[in-house]
**Student:** 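If you scroll down you'll find the structure; I have some questions about it.
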Amino acid sequence: MKDEYDFLQDERGKFYRPDTEFVIPSRTGNHRLPERTRRSHGVEVEQLVNDMLRRDIALVEAVK
């Protein structure tokens, strides 16, 4: 990795695409994402996934 980078010639937003759909990566597969979205009841999917991860971490810590 370089100590310094020169961004003076770069163009802001060059690769931005407002119509692009963001797909959250999931280790269980994206076929379960719509199910999670339906069950979220208005909660953001990111929040739902973070809550699931926190519970998993708590379980792992409890077993230690």
Side-chain angles (χ1 to χ4, degrees):
M1 190 168 184
K2 296 180 182 179
D3 290 335
E4 292 185 17
Y5 291 90
D6 182 15
F7 295 106
L8 292 176
Q9 301 299 319
D10 288 348
E11 179 182 338
R12 181 177 286 253
K14 182 177 182 178
F15 299 104
Y16 175 70
R17 302 290 182 262
D19 56 342
T20 302
E21 182 179 329
F22 180 72
V23 177
I24 300 170
S26 173
R27 294 198 185 276
T28 59
N30 286 337
H31 64 281
R32 301 190 124 223
L33 189 59
E35 175 187 338
R36 291 180 189 153
T37 305
R38 277 196 305 272
R39 285 200 220 166
S40 66
H41 302 289
V43 177
E44 291 290 327
V45 175
E46 293 88 0
Q47 183 64 41
L48 185 65
V49 171
N50 285 336
D51 291 343
M52 291 169 29
L53 289 172
R54 278 190 206 97
R55 278 187 253 133
D56 287 346
I57 290 169
L59 286 171
V60 169
E61 292 297 323
V63 171
K64 285 184 180 180

**Student:** Tell me, which pairs form a side-chain hydrogen bond (donor to acceptor under 3.5 Å, both in side chains) where one or both residues lie in residues 55-64, sequence neighbours left out?
**Tutor:**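 Residue pairs with at least one partner in residues 55-64: there are none.
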
**Student:** Who pairs with Arg54 by side-chain contact (heavy atoms from CB on, under 4.5 Å), at least two apart in sequence or on another chain?
**Tutor:**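 Per chain and number, Arg54 pairs via side-chain contact (heavy atoms from CB on, under 4.5 Å) with Gln47, Asn50, Asp51.
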
**Student:** Report, one line per pair, each donor and acceptor closer than 3.5 Å where one atom sits in a side chain of residues 3-11; sequence neighbours left out.
**Tutor:**
residue: Tyr5; atom: OH; partner: Lys2; partner atom: N; Å: 3.1
residue: Asp6; atom: OD1; partner: Leu8; partner atom: N; Å: 3.1

